[in-house]
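To start, the structure itself, in structure tokens.
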Amino acid sequence: MAQTIKKAKIKSTESTYTKITNAIGLQQIVILIVLILIYALFAAASPAFRSGNTMTSIMDASYYVGFLGLGVTFVIITGGIDLSIGTSMMCAAITGGVVYNELHAPVWVALVVIMVMATGVGLINGILVAKFKLPPFIATLGTMMITRGLGSIISNVKTETFPLRGSANGWYKSIFRTDGNFPTGVILLVVMAILASVVLNHTKVGRYIFAIGSNREATRLSGVNVVTSEAMAYVIAGFFAGLAAIAYAATYTTIMPGTGAGFEMDGIAAVVVGGTSLAGGVGSIVGTFIGVFIMTVLKVGLPYLDLQPHYQIFITGFVVLLAVYVDIYRNRKANK
Amino acid sequence: MAQTIKKAKIKSTESTYTKITNAIGLQQIVILIVLILIYALFAAASPAFRSGNTMTSIMDASYYVGFLGLGVTFVIITGGIDLSIGTSMMCAAITGGVVYNELHAPVWVALVVIMVMATGVGLINGILVAKFKLPPFIATLGTMMITRGLGSIISNVKTETFPLRGSANGWYKSIFRTDGNFPTGVILLVVMAILASVVLNHTKVGRYIFAIGSNREATRLSGVNVVTSEAMAYVIAGFFAGLAAIAYAATYTTIMPGTGAGFEMDGIAAVVVGGTSLAGGVGSIVGTFIGVFIMTVLKVGLPYLDLQPHYQIFITGFVVLLAVYVDIYRNRKANK
Amino acid sequence: GKSASNKPTSTKDMRVEVIAKGFQHDFWKSVLKGSKQAADKHGVKLNFVGPKDETAVAEQLEMLNNAINKNPSAIVLAALDTKSEIDAIQNAKDKNVPVIGFDSGVPGAPKGAVKANAATDNYKAGGIVAQHLYDAIKTRLGKGQVRIGIVSQEVNSMSLSQRTGGFIDKMTKLLEADPNVGKGQVAVIGHDKYNNDVSTKNAKAIIELRVPAEVTDAAGKTEAAALLEKKDLIGIYGSNELGVKAIINANEAMGDRIGSTGDKVVTVGFDSGKLQQDAIRSGKFLGSITQDPIKIGYDAVDLAVKAAQGKKVKDVDTGVKWYNKDNIDDKDIQALLYE
Amino acid sequence: MESILEMNGIDKSFGPVKVLSNVSFDLRRGEVHALMGENGAGKSTLMKILTGIFSKDAGKIIYEGNEVEYTNPKDAMDAGIVIVHQELNMINHLTVAQNVFIGRESMNGILTDDHDLNHKAQELFDRLNMDINPKVKVGSLTVGKMQMVEIAKAISMNAKIVVFDEPSAALTETEIQELFKIIRDLKQQNIGIVYISHRMDEIKQITDRVTVMRDGATVGTIDTVDTTKAKIIKMMVGREVSETPKTESTVPTDAETVLQVVNMNAGKRVIDLSFELKKGEILGFSGLMGAGRTEMARIIFGADTADSGEIYVHGQQVHIRKPVDAVKHGIGYLSEDRKQFGVIVGMSVADNVVLTDLNRYTNGPLINDHKINAAVEQHVKELRIKTPSVKQLLGNLSGGNQQKVVIAKWLEQASDILIFDEPTRGIDVGAKSEIYDLMNNLVDMGKSIIMISSEMTEILRMSDRIIVMSEGRKTAELDIADASQENIMTYATMREEIG
Ligand SMILES: Nc1ncnc2c1ncn2[C@@H]1O[C@H](COP(=O)(O)OP(=O)(O)OP(=O)(O)O)[C@@H](O)[C@H]1O
Ligand SMILES: Nc1ncnc2c1ncn2[C@@H]1O[C@H](COP(=O)(O)OP(=O)(O)OP(=O)(O)O)[C@@H](O)[C@H]1O
Ligand SMILES: [Mg+2]
Ligand SMILES: [Mg+2]
């Protein structure tokens, strides 16, 4: 008898719980609708957008932004920011190119070097922020400058070209697009997103990342090693910047020195449009995933409307503001 | 007896207070020493740096960064950030160019238009952040994109040229450097810095800006109109972006459309190097002023060591990290 | 005095400051190579710098000011924007530091400040590209509306705007002279800087310029893809490395629209680089035009040393060359190409 | 009883300020040991040293016979020493269960098992007789509920020593009784308990021994049975403090109505609330946690908005949409959460006092800081705020003095309607009676006060009239002459169907 009563009690509270999860899901549903609307708008306005290889273009453009976004989601949930992911990604990519071209290493070695380098930069960011307590904005602004210079130093300011499709070492390109133009990269992106989601929601480090973003001091006083967990968020961001570097090399083949500044903003904008709060403690991988596609559909779609480039930036700015405003407005209403 | 004991106790805490104020001054003294050290280093390493017009070059390079830094100091003290100052400055400058070249208005009208436009963008930022409660990072990222596009739209993607020195309308150039190469701009910069310091430390809006950065909700519940004061910080940043635009036009004559992204980071880095906390509630104009010169002395000095640009960025990154670390380390020690 | 220290008797004590327009493109690496060769030959010290991209006017001016302050024997300059640098150039002149223009030179500089130029005529070069493209597509004119695309990294810097402008002007002229098109039948669209008044509705030919929203590979590729999606596109031109790369990347993703024959979109480019050379060898590109970056660098420094010695110097046209599948491996072409 | 912990000769300084000098403290297994002392006496600091949050400068800690020194909270926890902090340490965005077990997650291989976590939490709450859903986000709980979660969290750690640092500050009487049940249970398990509180009644009820601290030093330790309230207070403050409840209202029956609230509604938090406040009156608001009193206060002050309702000030209907409006109508608000909503710790005492309206202290556009300092020095003197200077950073003041600064802020505005929300929360007896005196002075001056308090003695001592709320509704309005602990409790626990 007591048993049944308890069950019933849990059931009834379960429904409140469902309501809350529904609310979280709602946020993602809202931006998914935004994404679909934007897509539909472009499809309606431009026959060329409907036809052909637009999807492949969107996919191609989304890989590196996608990986950057997934990684930096972790950092933003801790309440931090990582401005270095763009330059660190290009620094790693060009270093990989040097390893391949100058040291004549096999492609896979170059890819490993890319991952190690980008993850290493993430570790340095993590140490600066979590251990030395530098404000994330300024710590990663510093490493942004450093990696930007470093890439040029390592490559001796030379453009590095990765092996072309069809060439003996061109196999790595098929990770992202087969010779038959199938966007395999989207599979990798989805797999990594699922992995990221599991890490964020179902591992200790993920739990602590949320906890730190919500209340760092309380988390510390609970006996959690906040330094390690906070640093891990930056390491994860670095790791994903490495994946972004590989995606970039596979998609665009050549890497110019000194580039990458500005990419971080694409990633961060996607994350925030996806509903992750810059104040920390709140965020989701699904949101980021949708946010990334909102940004890339805009980027790929606006040129199809034959808009000149400056109108594209102008409109993207508005969409970012609008998306975030809608999210905040909805949240405020929900809290009433 | 008890009376005397109490007095003594109060005395000793008074001296703690003096120590704290000293510490605030100390912070600025530390970075002033850093500045002097850097300067001395360059002077020792390069005879050319010692001689000639280096000072004028340093001044020329410091005007627009200086104005950007002074303005964004207000925003950072509220605990916010303004990423739009760079593009808003260039958007205003190019609009001024259009007014002068296309509408054939007198130069002074163009300068007024520049100020109105930049201040207007600041007002929009202020409304987005203070009224609509958008996170400053994302609100100003949005207006950054919008102003970047807007400048191109207004100018029809044309480079705008301001009147040359010596031409009939070239008088405005002498605001910043006389024909005899005297850097008058530094006078303007100092005057504006003093003005900014007065506004920050001795007016209501300045006091409220500190209060908001320290504890926004408590300020609001004290019956302060926080929306207006917080918005004012962005308006001030916009106003100074306007001054930066005029300085830029006077120093560099031509304004290219679509530029300005990245300038904001120069300004912000200078502010933070100058000891203003990104967490809000703490900051000083003197600090920013010194921070600006640390950045420009580096910028102007490093080439004298015949370092290539990428080494310069690399080293600047380190200096930024170091300066901020020293500041934080010192603060932590003081609080121990 | 100052001017004495400017003019050492032996070239050993000379130092030449070179201020390029950029650093990251392979083109500038080759220019640097040529500069070094000349510096080594004369035994002068060389310092070579360039801003982060071709719109970084302020950065370049700061570099120029620094160079002048260092009191060098001569300055070699490729101005991003002459007007913004007029004061500084005048200053160099006052200090008796000779200035040599290179790449696209220093057009509009104060009289007498720039001793000589070692420059490419980008406008003319754009015209040459247009001529080659026209020759390859003229048989396809007159069967309905056709489109020729351009992908240009940006249109504000001197060299790129001239390459693009030269191409558009020449192509317009050639098409208007073609009996299958005719006067007033060529619409130029895509960018307010070049657009003409001809309506696209009735025009027999459209020249469409695409400028990426940002200087990134991704944005470039998107613009190129938007062009390649258009069914009436018969020719496409990439006006520098980024534009060329954009076309190659977009093409790869959309199943081979470009080529040099048949019903493919005939593609032409500017400069070299590994991807572009590869595309020319495989016939994806009809051909490209290359400047002579090594010669530009070499001649510029050579002129600078001579000017510093007080010798009289005059302009050198560093020239351009058209290369395609047939001549790419010729010795004289190979000498100009870089990877 | 065997001793489990000894702290001997503990010294601690923050910068130049010595906050503990030669402090000694011992704890036995199975005893409840009260640690008492005025605000800033160093109680929390001592306990933070024990639990590895602060490091000590000198002294010895002997735990279970061994000298120990913990450098972080985790080591202390692992050794069996846990603390319920004075300040709430909740992670709002995580669920209750996730909070309780943070750092001790149930695992399923490398993955966390929240299902198991919820079950463990539910079991824990059932055992402790707490009605809290483990699956909701902590941020949606009331302060009191959060405090219960904190307590549950500490108890779930199976510690050998549990430190409660003012656990009752956010709790209502019934919850305090629940807490005492829990504590007695812990005693049974031979666990040593340190209990910090400013509430005298509690000490008698629950503790075995009392250690009193003053100005960073131990005054002495005595057995609870051997002492009286008055004795303890004397030890704490070094003088006698009297405490007498009010027996009848001092407000004349024909006093003017200065504030009238009619049919105020705000979701489920405030339902159909109407009441009047008379000139010179202290109107007490009593009720259980989450009864809606704070919400009512915030609405009147314009910090939150109501769904419906009317507010009249001096008979005139007013529309208050933001705090600025309330201030204009002479309303001042002293928040229950001082740190978060009341003061700006990073600014000086002077700046805090004059923050609301700087216009009085300007020469043209410029602020005249001398004028401010002079005016604030006056307040400091009148309210006997203990501070070395008006330029002192507010964060360096003790809690009671910070509270006085907030009061000074509203006196500065000449506000005649003052809302005091838990005015003595976490404030020691010495400072407490000063604040009571202050409140009485204020009403004598013709001001009117709404006093929200969860402390029954405080309500009975200060109020002229008492409104009792339950679940957002007003369940009773009692004249002080008719009020007693018992009938207030009855109305406070009244459910909707009765009310
Ligand atoms: N982190 C800190 N830095 C500087 N001073 C501190 C710090 N923590 C506490 N203090 C000071 O140490 C003294 C003792 O504070 P503590 O919190 O231990 O007092 P308490 O007895 O717990 O008082 P309360 O009853 O108000 O909680 C106070 O003067 C306080 O201002
Ligand atoms: N912002 C909010 N969102 C949702 N619920 C809220 C909010 N603020 C308060 N509540 C709820 O409204 C009810 C009334 O809370 P309120 O704080 O006014 O009560 P109180 O009587 O002052 O009690 P306490 O002792 O907790 O301060 C509580 O159940 C609380 O959880
Ligand atoms: Mg305490
Ligand atoms: Mg309350």
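The shown structure was predicted, so the numbers you read here are calculated from the model rather than taken from an experiment. Every chain is numbered from 1 and lettered A, B, ... according to where its sequence line falls, protein lines coming before strand lines. Values below: every heavy atom of this structure, side chains too, minus hydrogens, waters and symmetry copies.
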Item checked: Heavy-atom pair of closest approach, residues A:Phe137 and B:Leu278 -> CB-CD1, 3.7 Å
Next item on the list: Give the minimum heavy-atom separation between A:Ala269 and B:Leu141, together with the two atoms involved.
Entry: CB-CD2, 4.0 Å
Next item on the list: Count the heavy-atom pairs under 4.5 Å between each of B:Ala139, B:Ala261, B:Gly258 and chain A, then report the option with the highest count.
Entry: B:Ala139
Margin query: Please determine whether the number of non-hydrogen atoms from other residues, nucleotides or ligands lying under 6.0 Å from atom NZ of B:Lys299 exceeds 12.
Written below: yes
Check: Of the backbone (N, CA, C, O) and the side chain (C-beta and beyond), which part of A:Leu150 lies under 4.5 Å from a heavy atom of chain B, both, or neither?
Finding: both
Checklist line | Other residues, nucleotides, ligands: >12 heavy atoms within 6.0 Å of A:Lys133 NZ | finding: yes
Next item on the list: Please flag which part of B:Ile153 lies under 4.5 Å from any non-hydrogen atom of chain A: side chain, backbone, both or neither.
Entry: both
Check: With only heavy atoms counted, which part of A:Leu322 is less than 4.5 Å from chain B, the side chain, the backbone, both or neither?
Finding: neither
Next item on the list: Quick one: pull up CE in B:Met145 and OG1 in A:Thr316 and give me the separation to the nearest 0.5 Å.
Entry: 6.5 Å
Checklist line | Interchain contact, B:Ile81 with chain A, by part (heavy-atom threshold 4.5 Å) | finding: side chain
Check: Which value, rounded to the nearest 0.5 Å, describes the distance between A:Phe318 atom CZ and B:Ile146 atom CD1?
Finding: 4.0 Å
Item checked: Interface moiety of B:Val157 toward chain A, non-hydrogen atoms closer than 4.5 Å -> side chain
Next item on the list: Would you mind checking which part of B:Leu321 comes under 4.5 Å of any heavy atom in chain A, side chain (CB onward), backbone (N, CA, C, O), both or neither?
Entry: both
Next item on the list: Check whether B:Ile315 gets within reach of chain A through its side chain, its backbone, both or neither, counting any heavy atom under 4.5 Å.
Entry: neither
Next item on the list: Mind ranking B:Met265, B:Arg148, B:Gln312 by heavy-atom pairs under 4.5 Å with chain A and telling me who comes out on top?
Entry: B:Met265
Margin query: For chain A, which candidate among B:Val272, B:Ile138, B:Val320, B:Val324 shows the most heavy-atom pairs at distances under 4.5 Å?
Written below: B:Ile138
Checklist line | Which atom of A:Ile328 lies closest to which atom of B:Pro135, heavy atoms considered | finding: CD1-CD, 3.4 Å
Notebook entry, point to check: Once you round to the nearest 0.5 Å, how far does NE2 of A:His310 lie from CG of B:Asn156?
Noted result: 6.5 Å
